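In what follows, a structure is listed as structure tokens, so that the remarks can point back to it.
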Amino acid sequence: MLSTIITATEHFCTHQIRSKYTIKDGVSKTRTLIAYIDIDTNTGQRHRVYVACDKNFIQTIATLFLDEVESDEETLMDMTLETANLIVGSAKVLAENDEVSYTINTPYFEKTGLFDFEYDQAKVISIGNNELTIAIKESNGY
């Protein structure tokens, strides 16, 4: 599942942000805006997908989508939610091409701070010095 979400993130970086990126394992060690979306698969599994963006990364997105050079905290939180929705929604479409289906729930903003949640797998996507973390945790108990 993470590979499909990473592919969707790559598409987002290429087609929306229009920038080169690098990918590495792990999570960002900087302060980020963190949102999550729970996913329910057709096999009965539930996964929580975290999307954590540093302020400069999400401000870049706000500038592209809203034409705001310096957004307030509430706007950056909303853009983090929208980014999570766009990436996970795109991954859902990609997964259907592989005959895997799942439903995505409403994204929630968790916090601004260090990423300190449990996860099974995670990747950091970097554009210059700006970072986006995608992490996933399987659980049936949320």
Side-chain angles (χ1 to χ4, degrees), residues 1-66 68 70-142:
M1 178 170 291
L2 182 62
S3 64
T4 304
I5 295 169
I6 293 301
T7 299
T9 306
E10 291 175 308
H11 292 177
F12 183 79
C13 290
T14 300
H15 302 293
Q16 300 297 321
I17 301 175
R18 299 182 185 269
S19 293
K20 293 184 180 185
Y21 56 88
T22 60
I23 300 175
K24 64 181 180 182
D25 290 332
V27 297
S28 178
K29 303 295 184 203
T30 62
R31 184 176 168 86
T32 57
L33 290 94
I34 305 165
Y36 70 84
I37 296 181
D38 289 333
I39 295 173
D40 297 308
T41 68
N42 59 346
T43 62
Q45 294 176 309
R46 176 169 269 201
H47 300 271
R48 180 159 287 177
V49 178
Y50 292 97
V51 175
C53 304
D54 70 27
K55 185 176 180 179
N56 290 332
F57 195 103
I58 202 64
Q59 182 60 62
T60 297
I61 295 169
T63 300
L64 289 169
F65 283 45
L66 305 174
E68 290 187 359
E70 191 170 333
S71 302
D72 61 25
E73 189 74 14
E74 185 176 335
T75 300
L76 295 177
M77 291 167 56
D78 288 343
M79 289 309 303
T80 303
L81 290 167
E82 184 61 26
T83 299
N85 208 28
L86 286 168
I87 290 172
V88 177
S90 176
K92 179 181 189 270
V93 172
L94 291 172
E96 289 172 356
N97 293 336
D98 295 331
E99 297 183 17
V100 176
S101 65
Y102 54 84
T103 58
I104 60 175
N105 295 294
T106 303
Y108 288 95
F109 187 82
E110 185 65 41
K111 70 175 186 171
T112 299
L114 296 178
F115 189 92
D116 56 1
F117 301 98
E118 289 185 27
Y119 61 91
D120 297 322
Q121 298 174 297
K123 300 278 185 184
V124 175
I125 294 83
S126 300
I127 296 177
N129 292 326
N130 304 331
E131 295 182 331
L132 163 74
T133 297
I134 302 288
I136 190 166
K137 175 72 177 157
E138 182 180 344
S139 176
N140 290 317
Y142 287 117

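If you're wondering where the values come from, they're calculated on a predicted model, not measured in any experiment.
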Over 12 non-hydrogen atoms of neighbours within 6.0 angstrom of CG in N129: no

K24 side chain vs V27 backbone, donor-acceptor pair below 3.5 Å: no

Pairwise distance SG(C13) to CZ(F57) - rounded to 0.5 angstrom: 4.5 Å

Exam field: side chain S126 to backbone G128, donor-acceptor pair closer than 3.5 Å: no

Heavy-atom side-chain proximity of K123 to D25 below 4.5 angstrom: yes

Min side-chain heavy-atom separation I39-T103 under 4.5 Å: no

4.5 Å side-chain heavy-atom contact, V51 and I134: yes

Atom of K29, atom of L114 and distance for their closest heavy-atom approach: O-CD2, 3.6 Å

Working for salt bridge (Lys or Arg N to Asp or Glu O under 4.0 Å), residues D120 and R48: CA-CA 10 Å; D120 297 322; R48 180 159 287 177; over 6 Å; no

Salt bridge flag under 4.0 Å for residues R31 and D54: no

Pair D40, N105: side-chain N/O donor-acceptor within cut-off below 3.5 Å: yes

Residue pair K55 / T112, side-chain heavy-atom distance below 4.5 Å: no

Y50 ring center within less than 6.0 Å of Y119 ring center: no

Qualifying side chain to side chain donor-acceptor pair (under 3.5 Å) pairs, either residue in residues 79-92, two or more places apart: K92-E96

Nearest-0.5 Å distance that lies between atom NE2 in H47 and atom CG in L2: 10.5 Å

Euclidean distance, I37 CD1 relative to T106 OG1, rounded to 0.5 Å: 8.5 Å

Q121 side chain reached by I6 side chain, heavy atoms, under 4.5 Å: no

Donor-acceptor pair, side chain of T41 and main chain of Q45, under 3.5 angstrom: yes

ring-ring contact (aromatic ring centres under 6.0 Å, His included) against F65, all qualifying residues, sequence neighbours excluded: none

Validation row: L132, Y21 side chains within 4.5 angstrom (heavy atoms): no

Side-chain heavy-atom pair I34, F117 within 4.5 angstrom cut-off: yes

Cation over ring face, K137 and Y36, 6.0 Å, 45°: no

Value rounded to 0.5 Å, distance of CD1 in I125 from OG1 in T133: 7.0 Å

Any L33 side-chain heavy atom under 4.5 Å of M77 side chain: yes

Donor-acceptor side-chain pairing of N42 and S101 below 3.5 angstrom: yes

Under 3.5 Å donor-acceptor, T4 side chain and A91 backbone: no

Donor-acceptor side-chain pairing of T63 and Q59 below 3.5 angstrom: yes

L76 CG to M79 CE distance, which is reported to the nearest 0.5 Å: 9.0 Å

Gap separating the CD atom of E110 from the CZ atom of F115, nearest 0.5 angstrom: 9.5 Å

Candidate pair I127 and T60, rule side-chain contact (heavy atoms from CB on, under 4.5 Å), full reasoning: CA-CA 10 Å; I127 296 177; T60 297; over 6 Å; no

Main-chain N/O of L64 paired to Q16 side chain as donor or acceptor, under 3.5 Å: no

Test item: side-chain donor near acceptor, T32 and E131, under 3.5 Å: no

No-hydrogen, no-angle side-chain donor-acceptor test under 3.5 Å, T75 and D78: no

